[in-house]
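See below for the structure under consideration.
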2 protein chains.
Amino acid sequence: MVVATRADEIVDIAARLFYERGYPSVSTRSLAQAAGIQAGSLYHHFTSKEEILYRIVQYGSGEFFAGLLPHLEEPGLSYAARLDRFVRAYITDAQPRRYAIAVLFRDMAHLSPDHFAELQAVRRHFQQAVQRFLADGVAAGDFDVPDAKVAGIAVLDLLKGIDAWIREPGRLGRRQVADTYAVLILQLMGASL
Amino acid sequence: MVVATRADEIVDIAARLFYERGYPSVSTRSLAQAAGIQAGSLYHHFTSKEEILYRIVQYGSGEFFAGLLPHLEEPGLSYAARLDRFVRAYITDAQPRRYAIAVLFRDMAHLSPDHFAELQAVRRHFQQAVQRFLADGVAAGDFDVPDAKVAGIAVLDLLKGIDAWIREPGRLGRRQVADTYAVLILQLMGASL
DNA sequence: GTCTATAGCTTGATAGAC
DNA sequence: GTCTATCAAGCTATAGAC
């Protein structure tokens with residue numbers, strides 16, 4: 001029962017614009033134009049431009065990160081198999097939230113101090129869960145890396161970077177990129193399926 | 001015989017500011033203040049704010065990329081050994097150009113169309129040289145990846161991402177990060193020294 | 001090479017009518 | 001929920017004195 005309010009529609013439009021041009025380069029006027037209204041009308045739905053950014057990244061981050069972590073804990077699967085599923089899910093799932101995630105990573109610094117701290121905590125929780133999983137895999141002998149924390153950063157860096165270069169349609173579809181990255185990341189972790 | 005002109009000094013200061021806050025968020029006033037002059041005085045040295053950005057990324061990219069490629073062609077070394085040196089050089093060399101490289105990757109889109117195309121070509125040339133090297137290594141049987149082009153993107157993504165998270169001083173110094181990343185990237189390429 | 005002063009424009013945000 | 005009109009502030013860039 002998802003009823004998209006007018007505010008939600010505008011948030012979606014803003015997510016795409018912020019993703020394409022960056023938060024500071026999108027004026028309230030150009031955002032309003034994309035939504036088919038006047039700039040002043042935005043302030044019926046939001047109290048500030050920053051609130052729109054906050055709504056985007058909050059919407060994007062919460063469910064996205066929460067939906068990925070269960071892959072790391074699927075029972076009955078090896079560490080390598082769980083990492084494989086996590087990587088594939090990161091790349092191919094959550095299409096509607098893609099813009100939001102990319103905006104989160106690039107434009108977070110433009111949030112108010114309070115909002116920044118809140119989202120930073122969400123990010124950190126996610127990153128630490130991944131790092132803990134990788135460290136456990138190392139302890140279990142399934143992964144082989146010099147430093148599990150740095151490996152975690154590397155893995156997440158690789159995943160978040162994809163949207164910056166992938167072209168759709170391109171030589172490889174999202175599914176094939178997921179296949180390739182799953183192999184590369186398992187190799188990076190010194191593991192195999 | 002490097003005589004730093006006043007313009008060069010300002011370019012250096014701008015590189016740091018653009019790196020920290022992003023090009024659109026740094027006003028000519030705040031840049032001028034950091035340089036100890038008035039905003040209007042900037043236009044004695046440059047014709048526009050965009051020219052400053054251009055000077056930064058041109059200075060940063062040219063020598064940096066050119067200095068790294070020879071590591072991929074060092075005679076008498078295996079593909080793995082050459083990649084190892086390339087990775088270490090990328091991370092530890094060129095300290096003075098660090099800001100410029102980071103600005104290049106993040107704020108390139110704010111260049112004029114001509115300048116953008118020029119720098120894009122430099123970047124592409126570098127990326128293709130790396131991809132060619134990796135493909136040759138695969139053909140020689142020293143590397144094992146599903147797709148050399150994607151592997152090249154992954155390797156360069158990892159390297160360019162480091163400056164976004166490394167803290168100096170931090171738990172690991174730049175040298176130790178280089179040690180760790182050299183191992184991770186060789187593993188990612190399915191190689192060993 | 002730097003200053004002061006300012007033009008011309010765009011920005012985020014507000015007020016009040018409908 | 002959207003409009004019009006507008007404010008105050010900030011922006012890049014220019015002109016001319018020193």
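Residue numbering restarts at 1 for every chain, and letters A, B, ... go by the order of the sequence lines.
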Leading and trailing nucleotides of DNA chain C with any atom under 4.0 Å from heavy atoms of chain A: C/dT11 to C/dT14

Applying side-chain contact (heavy atoms from CB on, under 4.5 Å), can you list everything that pairs with B/Ala7, at least two apart in sequence or on another chain? B/Thr5, B/His45, B/Phe46, B/Arg55

B/Arg124 atom CZ: more than 12 heavy-atom contacts under 6.0 Å: no

Taken to the nearest whole Å, CD/B/Gln38 to P/D/dT14 is 18 Å

With sequence neighbours left out, write down each residue that passes side-chain contact (heavy atoms from CB on, under 4.5 Å) with B/Phe116, or none if nothing qualifies. B/Met108, B/Leu111, B/Gln120

Tell me the interatomic distance from B/Glu51, atom CD, to D/dA13, atom P, rounded to whole angstroms. 10 Å

Among residues 17-37 of chain A, which contact DNA chain C at a heavy-atom distance under 4.0 Å? A/Val26, A/Ser27, A/Thr28, A/Arg29

Kindly confirm or rule out a cation-pi arrangement of B/Lys49 over B/Tyr54, judged by NZ or CZ under 6.0 Å from the six-membered ring centre and within 45° of its axis? no

The criterion is side-chain contact (heavy atoms from CB on, under 4.5 Å); which residues satisfy it with A/Lys160, sequence neighbours excluded? A/Tyr90, A/Phe105, A/Arg123, A/Asp157

Measuring to OP1 and OP2 of D/dT14, would you say a side-chain N or O of B/Tyr43 lies under 4.0 angstrom away? no

With sequence neighbours excluded, residues passing side-chain contact (heavy atoms from CB on, under 4.5 Å) with A/Ala102: A/Tyr19

Taking C-beta and beyond as the side chain, do A/Ile185 and A/Leu159 meet within less than 4.5 Å on heavy atoms? yes

Measure up the A/Phe143 and A/Tyr79 rings against each other and bin them: parallel (under 30°), tilted (30 to 60°), perpendicular (over 60°). perpendicular

